[in-house]
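Throughout, residue positions are numbered sequentially from 1 according to the sequence presented.
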Amino acid sequence: MISFRSIRKEITEQRSPASTFPFGSSGNLQTLREELKSQPHLVSLIREIQAFAHFARTTDVPALTFARFQAFDAQGTRQEYEEPYFERRGRLLALTLDVLLEDTPGNKEALEDLIWEICNEYTWCLPACLPHGFAAATNDRLQPESQVDLFAAETSHALAETLFLVGDRLNPWISYRIRAEVERRVFMPLFHDPIHFGWESRTNNWSAVCGGAVGMAVLLLEDDKERVAGMMERVIRSLECFLEGFGEDGGCAEGVSYWFYGFGYYVYFADMLFHYTDGGLDLLSGDKIRAIASFPAAVTLSGGVAINYSDVGKVTMHSGLLSMLANRLDVNVPEFREVPSFKADGCYRWVHVVRNLLWTQANRFNKPLPDEGLLLKDLSIAVDRRRTGETLFAFSAKGGHNDEPHNHNDLGHFILHIGGENLLADPGAGLYTKEYFGQGRYEWIHNAASGHSVPIINEKLQQHGSVFQARTMHWDNHDQGTRFSLDLTHAYNDPSILSFQRDFQWNWHPEAGGAHASLLLTDSVAFTGIPVGFMEQFVSMHEPKQVKGEWIWRGNNGFVSLQYDNDHYEAVLDTQETVDFEGENQTIFILKLKAIKREALIRGKFLFSCFGLSHMA
């Protein structure tokens, strides 16, 4: 823990922040403009920025009407308000960067009008992040316009960095308005009230995103160093709470998407603070930070696909953040092949795009991760990946408990990956609505045990709660693969289960005709009497076909076949239609194998054989 004395000393005794470029560049803005425009790997992103800026110049700013504002309370949906809200942030990002890079005629005026509109917004928060309901929102200690959520914090930083990058070209009224609104909406409620916001002590992404975003806004806007020191002390305490949410293995229970979000903002702020204090305050030192920075490499497979336990949507490999961590901390990072698209993040988060521009190192492209097997001990997640030629085979399974951040009821669930696709898969995150995070959360197939490759026992699903947990019994990694065993006895609210052990044996089979891999899954369940029923479930986004007594999941670059004792199980294919995190239609295929014989001791073996392109007919 950094003491306030150290914070104050480093803040007040260092050079003026006005002379410090906050992104770690030794050049000035003019030099930066020329450097960015000369980089081949940035050409596509810059063209996208210019195209979106043209769109922003030539079309009306979308309205944030009352009807859209109250849609979340009225019907529990978020898109009505959030889509125009985030489009405004995308316009801000594109216009600012185009003013910085090209200064296209009309950009300045369009940017000024847009900033004025954002400063006129009733609140910078999203309705979904305000206290729910009119009475709760209006009777809270702070009114909606003074609440600081993820998006108010992000907006304050985006506007502050807009001023830093192009403020000298804007009308002084715009500069004045930005400073006044950030002060009124964010700095005053956060730093001039002894009552803390709930997120300040959270151990999830909120403490890092809110703290990091506001912290960067402070460093960019505030000139009074004594005030900055006090503000930094509160921000840093919030970030320390964020780090408490990680074990020594560095694993992010929220999943890799939220790692990019939460730890990303932690890193962005830490880097700016490091340069602000000439290296005096370094929040990116220590073994635990290195472990957290290594997490995406641990859970990334191939083709940009990652292990997606928890509420993980589409994962964007932010090349700037990954380049910076690889360079600064010398850690493995996931393979990335290009700078992400301007529209890769539908929220148009300022900091990702700007750091992708500033920090991406082209010499980091196309560097695959090494073959390895590992166990994230604190999360109880096992991973093993092996590559042959251009095809990567990977296996993962998880234990843990059913009250994790962004929890899914998924103890004992597993993934099989071949050549860029998860063929035995996790459905990932569903569409965020009021009910998705409300009482009906586990009625959504994405979150319920019914949407994961875990058994239904005595017609019961795993339930939500920390008492429903798995215990890691064994993990071993060797040249030929991995063995991972879990005790799932307490994963179900069922006293008739005396014991339940799930054993995974993942084996690698190199051979001249083309490598393949296999997973032998063994479930051993003992009951106090004869169970009502027992049914295995195997989940995929690919429809399996039954061929000569085997079930086969076929992808673009390989396939998985399942063999089991057909005399002991009755197979039924269940198809579930739903909507994913992006709002796109999603079909989930669940192969259900119902035990025909009801016995007090069930021991089932299931052999999954994984093959690459060389075996595909």
Side-chain angles (χ1 to χ4, degrees), residues 1-11 13-14 22-24 199-216 218-219 229 231-256 258-300 318 320-334 351 355 359 361 364 369-370 372 374-381 383 405:
M1 179 179 289
I2 302 174
S3 69
F4 175 66
R5 182 174 179 275
S6 296
I7 294 171
R8 182 181 178 277
K9 178 178 183 295
E10 295 297 339
I11 294 292
E13 295 183 10
Q14 295 298 331
F23 313 122
W199 55 258
E200 292 184 74
S201 58
R202 288 189 187 180
T203 57
N204 63 15
N205 69 87
W206 275 71
S207 50
V209 175
C210 296
V214 173
M216 287 187 284
V218 169
L219 296 179
M231 297 162 109
M232 287 300 101
E233 195 269 344
R234 190 154 177 175
V235 165
I236 290 171
R237 295 294 167 259
S238 173
L239 297 180
E240 288 171 345
C241 291
F242 170 69
L243 294 181
E244 289 178 14
F246 295 84
E248 294 305 311
D249 64 7
C252 179
E254 296 180 282
V256 69
Y258 281 99
W259 178 94
F260 274 103
Y261 193 26
F263 191 61
Y265 267 89
Y266 178 97
V267 171
Y268 300 137
F269 167 75
D271 181 76
M272 190 180 289
L273 182 66
F274 180 83
H275 290 285
Y276 185 99
T277 60
D278 294 335
L281 294 175
D282 185 4
L283 303 185
L284 291 177
S285 62
D287 292 341
K288 187 170 184 178
I289 292 295
R290 285 178 53 82
I292 297 170
S294 300
F295 174 70
V299 297
T300 299
H318 289 292
L321 176 63
L322 296 176
S323 294
M324 185 269 195
L325 290 173
N327 185 56
R328 174 89 175 266
L329 301 181
D330 192 28
V331 295
N332 284 333
V333 297
V351 71
R355 276 29 169 209
W359 289 354
Q361 297 175 347
R364 297 281 179 188
L369 289 165
E372 65 177 341
L374 57 91
L375 175 69
L376 295 169
K377 186 175 180 181
D378 295 298
L379 289 186
S380 187
I381 291 178
V383 184

**Q.** Heavy-atom side-chain contact between Val351 and Met272 under 4.5 Å
**A.** no
Q) With side chains defined as the heavy atoms from C-beta onward, is the minimum distance between Val383 and Glu372 less than 4.5 Å? A) no
**Q.** Qualifying residues under salt bridge (Lys or Arg N to Asp or Glu O under 4.0 Å), relative to Glu248, sequence neighbours excluded
**A.** none
Q) Between Tyr261 and Tyr265, what is the ring plane arrangement, given parallel below 30°, perpendicular above 60°, and tilted in between? A) perpendicular
If you look only at distance, which donor and acceptor atoms sit under 3.5 Å apart when one is on a side chain in residues 235-244 and the other is two or more places apart or in another chain?
unit_1: Arg237; atom_1: NE; unit_2: Glu233; atom_2: OE2; d: 3.1
unit_1: Arg237; atom_1: NH1; unit_2: Ile2; atom_2: O; d: 3.1
unit_1: Arg237; atom_1: NH1; unit_2: Glu240; atom_2: OE1; d: 3.2
unit_1: Arg237; atom_1: NH1; unit_2: Glu240; atom_2: OE2; d: 3.3
unit_1: Arg237; atom_1: NH2; unit_2: Ile2; atom_2: O; d: 2.6
unit_1: Ser238; atom_1: OG; unit_2: Ser207; atom_2: O; d: 3.0
unit_1: Glu240; atom_1: OE2; unit_2: Ile2; atom_2: N; d: 3.3

Q. Nearest heavy-atom pair of Tyr276 and Ile11: which atoms, and what distance?
A. CE2-CD1, 3.8 Å
Q | Smallest separation among heavy atoms of Cys252 and Leu379, with atom names | A | N-CD1, 3.7 Å
Q. If you take all heavy atoms of Asn332 and Ala297, which pair is closest and at what distance?
A. O-CB, 3.4 Å
Q.
For Ile292, is there any backbone N or O sitting under 3.5 Å from a side-chain donor or acceptor partner on Trp259?
A. yes
Q: With the side chain counted from C-beta on, respond yes when Leu376 and Val299 share a heavy-atom pair under 4.5 Å apart, and no when they do not.
A: yes
**Q.** For Val209 against Gly262, the heavy-atom pair lying closest together
**A.** CG2-CA, 4.0 Å
Q) To the nearest 0.5 Å, how far apart are OG1 in Thr277 and CD in Glu13? A) 12.0 Å
Q: With sequence neighbours left out, write down each residue that passes side chain to side chain contact (heavy atoms under 4.5 Å, CB included) with Ala326, or none if nothing qualifies.
A: Val333, Arg364
Q: Carefully, step by step, assess Leu283 and Tyr266 under the rule side-chain contact (heavy atoms from CB on, under 4.5 Å).
A: CA-CA 9 Å; Leu283 303 185; Tyr266 178 97; 3.5 Å; yes
Q: Name all residues meeting the salt bridge (Lys or Arg N to Asp or Glu O under 4.0 Å) criterion together with Glu254; count only those two or more places apart in sequence or in a different chain, and write none if there are none.
A: none
Q. What is the minimum heavy-atom distance between Phe246 and Lys288, and which atoms define it?
A. O-NZ, 2.8 Å
Q. Is Ser323 reaching over with its side chain to a backbone N or O of Gln361, donor-acceptor style, under 3.5 angstrom?
A. yes
Q.
Suppose we screen for salt bridge (Lys or Arg N to Asp or Glu O under 4.0 Å). Which residues come up paired with Arg328, at least two apart in sequence or across chains?
A. Asp271, Asp282
Q: Would you confirm whether Asn205, through its side chain, and Tyr258, through its main-chain N or O, come within 3.5 Å as a donor-acceptor pair?
A: no
Q) Within a strict 4.5 Å, meaning less than it, do heavy atoms of the Phe263 and Ile289 side chains meet? A) yes
Q | Close side-chain approach of Leu321 and Tyr268, heavy atoms under 4.5 Å | A | yes
Q: For the residue pair His318 and Arg355, establish whether any side-chain heavy-atom pair is separated by less than 4.5 Å.
A: no
Q: Tell me, please, which residues at least two apart from Phe269 pass ring-ring contact (aromatic ring centres under 6.0 Å, His included).
A: none
